[in-house]
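A quick write-up on the structure given underneath.
Labels below follow one simple rule: chain letters A, B, ... track the order of the sequence lines, proteins then strands, and each chain is numbered from 1. FYI, side chains are in, hydrogens and waters are out, and symmetry mates aren't considered; it's all heavy atoms of this structure.
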2 protein chains.
Amino acid sequence: MTERSWPDLATLELLSSVARTGSINQAAELHGISQPAASWRLRRLEELLGVTLLRRTRSGAQLTPDGSAVVGWAERVLTSARDLLEGVEALTSDGHAALRLAASLTVAEYLLPGWVTPLTRQHPDLALSLRMANSTDVVRLFERGEVDLGFVEGARAPAGMQGRTVWLDELVVVVAPEHRLARRRSPLGPAHLASTPLVAREVGSGTREVLERALAQHGLVPSVALELASTTAIKSAVAEGDGVAVLSLLAVARELADGRLRLVPVVDLDLSRAIRAVWPRSQPLNEYARALLEGIRHTG
Amino acid sequence: MTERSWPDLATLELLSSVARTGSINQAAELHGISQPAASWRLRRLEELLGVTLLRRTRSGAQLTPDGSAVVGWAERVLTSARDLLEGVEALTSDGHAALRLAASLTVAEYLLPGWVTPLTRQHPDLALSLRMANSTDVVRLFERGEVDLGFVEGARAPAGMQGRTVWLDELVVVVAPEHRLARRRSPLGPAHLASTPLVAREVGSGTREVLERALAQHGLVPSVALELASTTAIKSAVAEGDGVAVLSLLAVARELADGRLRLVPVVDLDLSRAIRAVWPRSQPLNEYARALLEGIRHTG
DNA sequence: GGTTCGTTCTAAACTCTCTTTATGACCGAG
DNA sequence: CTCGGTCATAAAGAGAGTTTAGAACGAACC
């Protein structure tokens, strides 16, 4: 179905070499192929992308503006491809140690890095594989035995799985520094928050759900002025203008630290949600999954 | 020189499809190739990686544990490859708008995302390309005209370039919550900090340099107990044990927010360094680079 | 229990991508 | 001017990757 034709990783690496050496010839030599072959591949790549990448002169080849942009992207592709090979390497080395994780986007982005680094320091040869997946996807991955340990947000563990709460994600109210609420001294009550027009994620998203549930306990519903699709979109919208948002503390920690956003204190409202590690009831955790959980317990 | 042979992106995508559909046959159909072709490609991939990816039965194909790990990595590769194609797409669409940035690792990781999102919201079709590079690399990239705007840490702009300070990165002293310094009430003085054994980056790194210069103003030198190669290594070392580290506030904002690290106040010491946007004196900034700078000024 | 559908593998023929080898043309430095 | 460097072109060849065709096996269903 996907009718795209992918560029060739070897050619991307070749292009990167041309950028470094300034010569198709030398780049070809680096890769152990003949100069015409290199030239031909680069031309094919240009054809595929529909962009002129190189300005070929009689004294070398230089990147066009478009070309240097492509090199920037290409290097990222190569980096992740190297990660793949490196991971497989770890997989095939005697220990055969692998830990396959699945986590929601926010967990993967904000929490998992901190949990995982200690583990990789203890086991440098451990092959860590992470897949982004929402709660329902995680269940399916477990059914197929494709994952060792998963992380989901939500009230309780999915059916057939056991879990352990590893984190309490706290939602906070944030505004731009210029916003009038930023100067407010006394904390916001539930009624006041409910009457404030918010910038929020769509209905069905995790954070939106927590907010609605918390307000519902006081018989209130949030008033949403603007719905955006991603957390970063909300953050930049609020930072620019005069909006008010309710977001995970983790997602805005950096912005709070550097002053792009201000925190507005709230009282009498439980804006927290559990983040739990889950695994199938039927099979025990492997050594590394246990170690990871132990590490999280320690820090949390 | 690099004697590696890269996996084929189409095959990686095929593998991902097999994981989803549970059938080589269906995956082949999705990609518009015959079943034997798909089977052959997957076998080649297994051969290349030296890993058995699939358990083939008469009623479908399932990932092996190794296979699912590989799928996790493969999906990342495909994502970055899609970013490349998407970027080129934006490049070739009529506007031809591109902005090529180069930044140091820390700027790229901690600051740039926040600066860039407003810009991409204003110009959704802008092709943004980012290359990681240290200060000297940035100069070389400019010489070759491969970059529109760069970001470097350091006292002053490199020769031949003009720059503008866009950020003051502040270094802070952090410890684990259990550390005795975490309970300390009164702020630390320069002499006390200099006599405290630190976990630090190697000599020559940006943060180390700032620390040494700040202490030197008081005729002091830091005492380093342990040198580590990366900021994340330092963070996890300090979070686990009883070390003391001096790190960028941005790098530890998340850990401070979630309580894995505690901040130790310091007085009488200038632990800040400038981060500046730089561009060649010879050529003017393009429209988007100007817009980006303007946006930074606004928030900063 | 057989029949049918779906799955896989194997084998042989073929296509065509990509490579090398062998050129030629051009530029700049010594 | 010549030498060493660059790139492009052309022709021929290798081999990767494809398709078509056929066979074997398992599961589900009547």
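The phosphate of D:dT6 has OP1 or OP2 within less than 4.0 Å of a side-chain N or O from A:Asn25. Between A:Arg44 and C:dT17, a side-chain N or O to OP1/OP2 separation shorter than 4.0 Å is absent. Here B:Gln35 does not reach the OP1 or OP2 of D:dT18: none of its side-chain N or O atoms lies under 4.0 Å away. An OP1 or OP2 oxygen of D:dA8 is reached within less than 4.0 angstrom by no side-chain nitrogen or oxygen of A:Arg58. A sub-4.0 Å separation between OP1 or OP2 of C:dC9 and a side-chain N or O of B:Ser39 is present. Regarding contacts with the backbone of D:dA16, every side-chain N or O of B:Arg41 stays at 4.0 angstrom or more from both OP1 and OP2. Regarding contacts with the backbone of C:dT19, every side-chain N or O of A:Ser34 stays at 4.0 angstrom or more from both OP1 and OP2. Distances shorter than 4.0 Å separate some side-chain N or O of B:Ser23 from OP1 or OP2 on C:dT7. B:Arg56 has no side-chain polar atom (N or O) that falls below the 4.0 Å cut-off from OP1 or OP2 of C:dT7.
The interatomic distance linking B:Leu14 (CG) with D:dT18 (C1') rounds to 14 Å, in whole Å. Here the P atom of nucleotide D:dT18 and the CZ atom of B:Arg43 are 15 Å apart, to the nearest Å. The interatomic distance linking B:Leu42 (CG) with C:dT7 (P) rounds to 15 Å, in whole Å. When rounded to the nearest whole Å, the span between CD of B:Gln62 and C1' of C:dT8 equals 14 Å. Atom P of nucleotide C:dT7 and atom CG of B:Leu54 are separated by 15 Å, given to the nearest angstrom. Spacing between atom CG of B:Asp8 and atom P of C:dC18 amounts to 10 Å, rounded to whole angstrom units.
Of the residues near DNA chain D, B:Trp40 and B:Pro36, the one whose nearest nucleotide (by heavy atom distance) lies more toward the 5' end is B:Trp40. If you find the closest nucleotide of DNA chain C to A:Ala38 and to A:Ser59, the one lying nearer the 5' end belongs to A:Ala38.
Considering only the side chain of A:Ala37, C:dT19 comes nearest among C:dT19, C:dT8, D:dC7. Proximity note for B:Ile33 (side chain, C-beta onward) versus D:dC7, D:dA16, D:dT19: the nearest is D:dT19.
In plain terms, the two heavy atoms of A:Phe151 and A:Ala277 that are nearest each other are CE2-CB, 3.7 Å.
With respect to B:Asp83 and A:Arg76, no salt bridge is recorded, no charged nitrogen being found less than 4.0 Å from a carboxylate O. B:Arg140 and B:Glu146 are not joined by a salt bridge, as no carboxylate oxygen comes within less than 4.0 angstrom of a charged side-chain nitrogen.
Residue contacts shown for B:Arg55 are absent, as no nucleic acid heavy atom lies under 4.0 Å away.
B:Tyr288 and B:His123 have perpendicular rings, their planes meeting at more than 60° on a 0 to 90° scale where under 30° would count as parallel.
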Test side-chain contact (heavy atoms from CB on, under 4.5 Å) applied to B:Glu153 and B:Asn134, step by step:
CA-CA 9 Å; B:Glu153 307 153 2; B:Asn134 61 35; over 6 Å; no

